[in-house]
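One structure coming up, written as structure tokens, with questions to follow.
When a ligand or atom number is given, it counts from 1 through the structure's own listing order. If you're wondering where the values come from, they're calculated on a predicted model, not measured in any experiment.
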Amino acid sequence: MIYTVTLNPSVDYIVEVEQFELGSLNRTVADTKFPGGKGINVSRVMKRLAVESNALGFIGGFTGKFVEDFLNLEKIPSNFVKVSGDTRINIKLKTEVESEINGLGPNISEDQLTEFFEIFQKMTREDIVVLAGSIPGTLPSSIYKEIIAVCKEKEIKVVADVSGDALKEVISEKPYLIKPNHHELGELFNTEIQSVEEALVYGKKLVKQGVKHVIVSLAEKGALLITENNSYVANVPKGKVLNSVGAGDSVVGGFISAISKDYSIEEAFKIGVAAGSATAFSMELCTKQKIEELLPYIEVNEVKGEER
Ligand SMILES: Nc1ncnc2c1ncn2[C@@H]1O[C@H](COP(=O)(O)OP(=O)(O)OP(=O)(O)O)[C@@H](O)[C@H]1O
Ligand SMILES: O=P(O)(O)OC[C@@]1(O)O[C@H](CO)[C@@H](O)[C@@H]1O
């Protein structure tokens, strides 16, 4: 089973406002709500690709019920620990540009954390754990490291889509896959990354540090997959970006779905990139049909020679 962990899920409230004016009353021209949080998005994308997963994390209140009911409707199994506060609401404001306001999230007690760790006891080495998203303020910043320690004991593969200090911590645990975007990769090395070539240099350093697969996404500039033996570069298809929320999660969901179906690493990478772009070109997360439409426009090439 693939388990996705979203420590701080959300209701994503997507609001469209024409000519947004700061300091004034603005009215929406359209709004929608979706369950959110990076691990949950990964589960939803995998479901669309017919790959089962189980969503874990902490939810509470009326917003938590919304998330759980939505996943039930989509037939995505979940095993959330219930907390007393409300799951956060994250505002995704669509005007001429996209802006986001992500909430803090509810408190999580020691007992609730213990309950969460108990779920890992029944996992086996055939399982995969996807850690995705930020760590709520009431949890220790070392939580991802602690989860990985439990996974290591059971030889469970760990995928991590996290940023900032959490990413640094996770890298030292040599996970199976990480997917930083180029800004997050640059932050790790105190530098700014602008191009695929620069990203390759720093992505390779992470593989040297023991990470098995590194996917670096560079939005419209393309993406890289670096493994111990090979590096691959992919272009992204051209299209109108309607919604970038969840595009990165879709890359992870697409890649893991394909790996779990024993596709080659190049093919899995291509499907991941197609899923990312399919989400970027849709109002909601990608569909299988949209991914398939985009696949012919993506080329994956091995990076050869000196650059490798
Ligand atoms: N302008 C674009 N055109 C085509 N595809 C895009 C574009 N922007 C993003 N994507 C797709 O989404 C993927 C992830 O985008 P990005 O590099 O911005 O990652 P991210 O910052 O993790 O995403 P997110 O917006 O979910 O935080 C890309 O690899 C690509 O497939
Ligand atoms: O606050 P975090 O955990 O960093 O990110 C949460 C979030 O912005 O990420 C997802 C998109 O990737 C959204 O569904 C969600 O609102």
Side-chain angles (χ1 to χ4, degrees), residues 4-14 32-45 55 57-58 63 67 70 87-93 97-105 130-137 139 143-144 160-167 178-187 193-194 196 199 203 215-225 232-255 269-282 284-286 290-291 294-295 297-298 300:
T4 60
V5 174
T6 312
L7 297 173
N8 207 354
S10 58
V11 172
D12 287 351
Y13 180 46
I14 299 149
T32 38
K33 299 170 221 62
F34 293 110
K38 297 188 195 301
I40 287 173
N41 291 339
V42 172
S43 275
R44 293 185 70 215
V45 168
F58 302 89
T63 39
V67 170
F70 210 111
T87 288
R88 64 188 170 150
I89 296 173
N90 289 348
I91 302 166
K92 314 293 175 184
L93 176 63
V97 288
E98 283 183 347
S99 310
E100 301 178 58
I101 304 178
N102 283 7
L104 278 176
V130 182
L131 305 172
S134 59
I135 301 173
L139 287 182
I143 175 110
Y144 277 142
D161 186 7
V162 301
S163 53
D165 289 343
L167 180 56
I178 59 170
K179 194 224 68 70
N181 62 30
H182 61 299
H183 302 296
E184 290 159 347
L185 181 64
E187 234 179 76
I193 293 174
Q194 311 272 13
V196 169
I215 295 181
V216 187
S217 60
L218 299 97
E220 75 284 353
K221 289 183 184 160
L224 276 170
L225 166 66
Y232 304 92
V233 62
N235 67 305
V236 295
K238 291 207 184 321
K240 186 169 183 309
V241 175
L242 296 179
N243 161 45
S244 70
V245 175
D249 313 334
S250 302
V251 175
V252 176
F255 182 81
F269 179 42
K270 194 174 187 179
I271 291 170
V273 172
S277 296
T279 291
F281 301 159
S282 311
E284 216 250 299
L285 290 177
C286 55
K290 188 83 191 162
I291 295 172
L294 294 181
L295 279 172
Y297 301 98
I298 301 169
V300 171

Under 4.0 Å from ligand 2 - residues by heavy atom, chain and number: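 If the criterion is a heavy atom under 4.0 Å, then ligand 2 touches S10, D12, G36, G37, K38, N41, R88, N90, K92, E100, N102, G133, S134, V245, G246, D249.
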Closest heavy-atom pair and its distance - K270, I298: CE-O, 2.9 Å
Which pairs would a plain distance check flag for residues 235-248, meaning a side-chain donor or acceptor within less than 3.5 Å of a matching protein atom at least two apart in sequence or in another chain?
residue, atom, partner, partner atom, Å
N235, OD1, E299, N, 2.6
N235, ND2, Y297, O, 3.0
N243, OD1, V245, N, 3.0
N243, ND2, M283, O, 3.1
S244, OG, E98, OE1, 2.7

Heavy-atom closest pair, residues T6 and G37: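 For T6 versus G37, the nearest heavy atoms are CG2-CA, 3.7 Å.
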For the student: nearest non-hydrogen atoms of V162 and L131, plus distance: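 Heavy atoms of V162 and L131 come nearest at CG1-O, 3.8 Å.
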From CG (N102) to CD1 (I89), nearest 0.5 Å: 12.0 Å
4.5 Å side-chain heavy-atom contact, L7 and F58: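 Side-chain contact under 4.5 Å: yes.
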Closest approach of F269 to V233 (non-hydrogen atoms, all atoms of both residues):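 Closest pair (atom of F269, atom of V233, distance): CE2-C, 4.1 Å.
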Short side-chain to backbone donor-acceptor contact, R88 and P9, under 3.5 Å: yes
Near ligand 1, at a heavy-atom separation below 4.0 Å: residues by chain and residue number: K179, N181, S217, L218, A219, E220, V236, P237, V241, S244, G246, A247, G248, V251, V273, G276, S277, A280, F281
Test ring-ring contact (aromatic ring centres under 6.0 Å, His included) applied to F281 - qualifying residues, sequence neighbours left out: none
